Number of protein chains: 2
Amino acid sequence: MPKRADLSDTFCPVGRSAEILGDRAVLLILRELFFGRRRFEAIAANTGLGPQLVSARLKLLEKEGVVERHAYQERPPRHEYRLTAKGKDLFDVLYAMRNWAERWAYEAGETGSGPAMRYIHRACGADVGTSTVCPECGEILRYGDLKGEPSVALKAEQTAKGT
Amino acid sequence: MPKRADLSDTFCPVGRSAEILGDRAVLLILRELFFGRRRFEAIAANTGLGPQLVSARLKLLEKEGVVERHAYQERPPRHEYRLTAKGKDLFDVLYAMRNWAERWAYEAGETGSGPAMRYIHRACGADVGTSTVCPECGEILRYGDLKGEPSVALKAEQTAKGT
DNA sequence: AATAGTAACTATGATAATCATAGTGACAAG
DNA sequence: CTTGTCACTATGATTATCATAGTTACTATT
């Protein structure tokens with residue numbers, strides 16, 4: 001391709017987000033980070049992306065201030081990647097994507113009788129379904145408020161990928 | 001590129017969404033459709049994308065059931081594109097992207113004194129800020145509940161692009 | 001009647017992003 | 001001293017994207 005059009009100078013907020021988020025590799029890497037996976041190899045394995053792409057996108061996300069690179073040991077040098085506050089604030093976007101897919105992207109019964117991933121509101125124990133607000137206690141759901149329980153199908157897929 | 005990895009067979013809901021939404025052209029086209037622009041040329045002009053890309057992505061979105069092609073006259077044949085229910089349900093995703101960008105993607109004062117695009121809750125008249133729930137009346141915000149008022153900077157950019 | 005205009009595209013060729021695979025450097029464990 | 005792990009970088013084939021130009025089918029104007 002020729003250099004893709006730069007959207008970072010638009011005044012439209014969706015355009016600015018799309019500049020970063022309009023990329024499947026970025027979205028998959030963010031998913032892994034939200035799942036708590038921090039190491040390069042774990043991210044590469046679970047996303048199915050090549051190391052080159054993972055490396056390039058992590059550099060981009062670091063430059064954008066979404067991700068921080070952290071040395072967790074010196075000898076040999078090893079790093080992990082963590083979401084910054086700016087990165088954690090992308091939770092709403094990923095969660096909205098999850099909700100939409102649960103509602104529209106599965107055949108009936110494809111993942112058994114429930115959703116692909118069930119989310120429980122830690123504060124009150126309610127199953128939040130595909131809502132942005134807890135259907136039980138009415139609280140707005142934020143990063144850290146939820147506990148995910150993958151369906152049997154999803155769990156099998158994840159263990160098949162290794163980490 | 002080689003054929004990009006297919007994510008439609010993953011059981012992860014974020015992966016399934018990313019299959020469609022992890023593409024800047026798709027996000028920009030959806031933005032235009034949510035703004036109420038329905039004609040091919042208007043979408044192409046406002047996104048800055050070439051007609052080929054717009055054509056390919058609209059076909060994809062039609063195949064995915066996100067968009068419907070509608071003939072609004074027969075001679076000469078003219079079409080417009082509309083969001084289906086499945087497409088309108090992507091509102092939460094685009095709105096979350098907008099909220100995130102308003103919070104993180106602008107320098108102070110870049111769009112004047114307010115956000116790039118102000119949203120007013122039609123039901124109660126409150127400025128909703130970057131919240132998913134109306135700060136005034138507590139209602140969950142959905143597609144159609146909001147009225148957008150672009151900042152001076154954004155309005156200037158839009159009129160510059162034509163439609 | 002001929003020209004210009006509009007809408008919705010398709011065709012072409014150059015460029016560059018992506019994938020698959022293999023390789024590297026630094027160290028640890030057996 | 002060979003094997004293994006982690007975090008990458010290097011290479012080459014493939015193909016998506018962009019810019020530009022062209023097409024089809026009409027309507028409106030001169």
Side-chain angles (χ1 to χ4, degrees), chain A residues 1-7 9-10 15 18-29 32-33 37-63 67-82 161-163, chain B residues 1-7 9-10 15 18-29 32-33 37-63 67-82 161-163:
Chain A
M1 332 164 177
K3 195 183 288 175
R4 58 190 182 188
D6 188 15
L7 299 175
D9 59 342
T10 182
E19 177 72 21
I20 299 170
L21 299 175
D23 179 293
R24 68 196 330 99
V26 165
L27 294 175
L28 294 177
I29 289 170
E32 296 307 317
L33 292 169
R37 299 196 179 98
R38 298 173 165 185
R39 296 204 324 279
F40 187 94
E41 288 295 311
I43 293 170
N46 282 285
T47 55
L49 302 168
Q52 202 167 113
L53 235 199
V54 175
S55 174
R57 289 302 184 274
L58 284 172
K59 278 199 182 77
L60 171 70
L61 291 173
E62 204 188 343
K63 186 169 74 70
V67 149
E68 260 177 4
R69 187 183 161 136
H70 239 262
Y72 66 87
Q73 71 178 33
E74 297 216 335
R75 350 213 61 233
R78 291 286 179 274
H79 313 100
E80 60 176 25
Y81 295 89
R82 294 183 195 167
K161 289 190 177 169
T163 313
Chain B
M1 336 164 171
K3 194 183 287 172
R4 61 190 181 188
D6 187 15
L7 298 176
D9 59 343
T10 183
E19 177 72 21
I20 299 171
L21 300 176
D23 181 292
R24 68 200 323 101
V26 164
L27 293 175
L28 294 177
I29 289 170
E32 296 307 316
L33 291 169
R37 300 197 178 99
R38 299 174 163 183
R39 296 203 326 277
F40 188 94
E41 288 294 313
I43 293 169
N46 282 285
T47 56
L49 301 168
Q52 204 168 108
L53 236 199
V54 175
S55 174
R57 289 303 183 275
L58 284 171
K59 278 199 181 79
L60 171 71
L61 292 173
E62 203 186 346
K63 186 170 75 69
V67 149
E68 260 177 4
R69 189 183 159 131
H70 240 261
Y72 66 87
Q73 70 178 34
E74 298 215 337
R75 346 213 65 235
R78 289 288 179 272
H79 313 100
E80 61 177 25
Y81 294 88
R82 294 183 194 167
K161 289 191 176 169
T163 312

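A note on names: the letters A, B, ... follow the listed sequences, proteins ahead of strands, and every chain is numbered from 1. Note that this is a predicted model, so its numbers are computed, not measured.
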Identify, between A:R78 and A:K59, the residue whose nearest nucleotide on DNA chain D lies closer to the 5' end.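 Comparing both residues, the 5'-ward one is A:R78.
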Please report, rounded to the nearest Å, how far the [atom2] atom of [N] is from the [atom1] atom of [X].
{"X": "A:R57", "N": "D:dC8", "atom1": "CZ", "atom2": "P", "result": "16 Å"}
{"X": "A:I29", "N": "D:dA7", "atom1": "CD1", "atom2": "C1'", "result": "14 Å"}
{"X": "A:N46", "N": "D:dC6", "atom1": "CG", "atom2": "P", "result": "13 Å"}
{"X": "B:Y81", "N": "C:dA7", "atom1": "OH", "atom2": "C1'", "result": "11 Å"}
{"X": "B:E80", "N": "C:dA8", "atom1": "CD", "atom2": "P", "result": "9 Å"}
{"X": "A:H79", "N": "D:dC8", "atom1": "NE2", "atom2": "C1'", "result": "10 Å"}

Which nucleotide sits closest to the side chain of [X]: [options]?
{"X": "A:E41", "options": "D:dA16, D:dC6, C:dT18", "answer": "D:dC6"}
{"X": "A:R39", "options": "C:dA22, D:dC6, D:dT17", "answer": "D:dC6"}
{"X": "A:S55", "options": "D:dT9, C:dT18, D:dC6", "answer": "D:dT9"}

Is the shortest side-chain heavy-atom distance between B:I20 and B:L61 below 4.5 Å?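 Yes, close enough: below the 4.5 Å cut-off.
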Evaluate the side-chain proximity of A:L21 to B:L21: yes if any heavy-atom separation is below 4.5 Å, no if none is. no
The single option from B:L58, B:V67, B:L60 that satisfies side-chain contact (heavy atoms from CB on, under 4.5 Å) with B:I29 is B:L58
Determine whether any donor atom in the side chain of A:Q52 lies under 3.5 Å from an acceptor atom in the base of D:dT11, or the reverse, and answer yes or no. yes
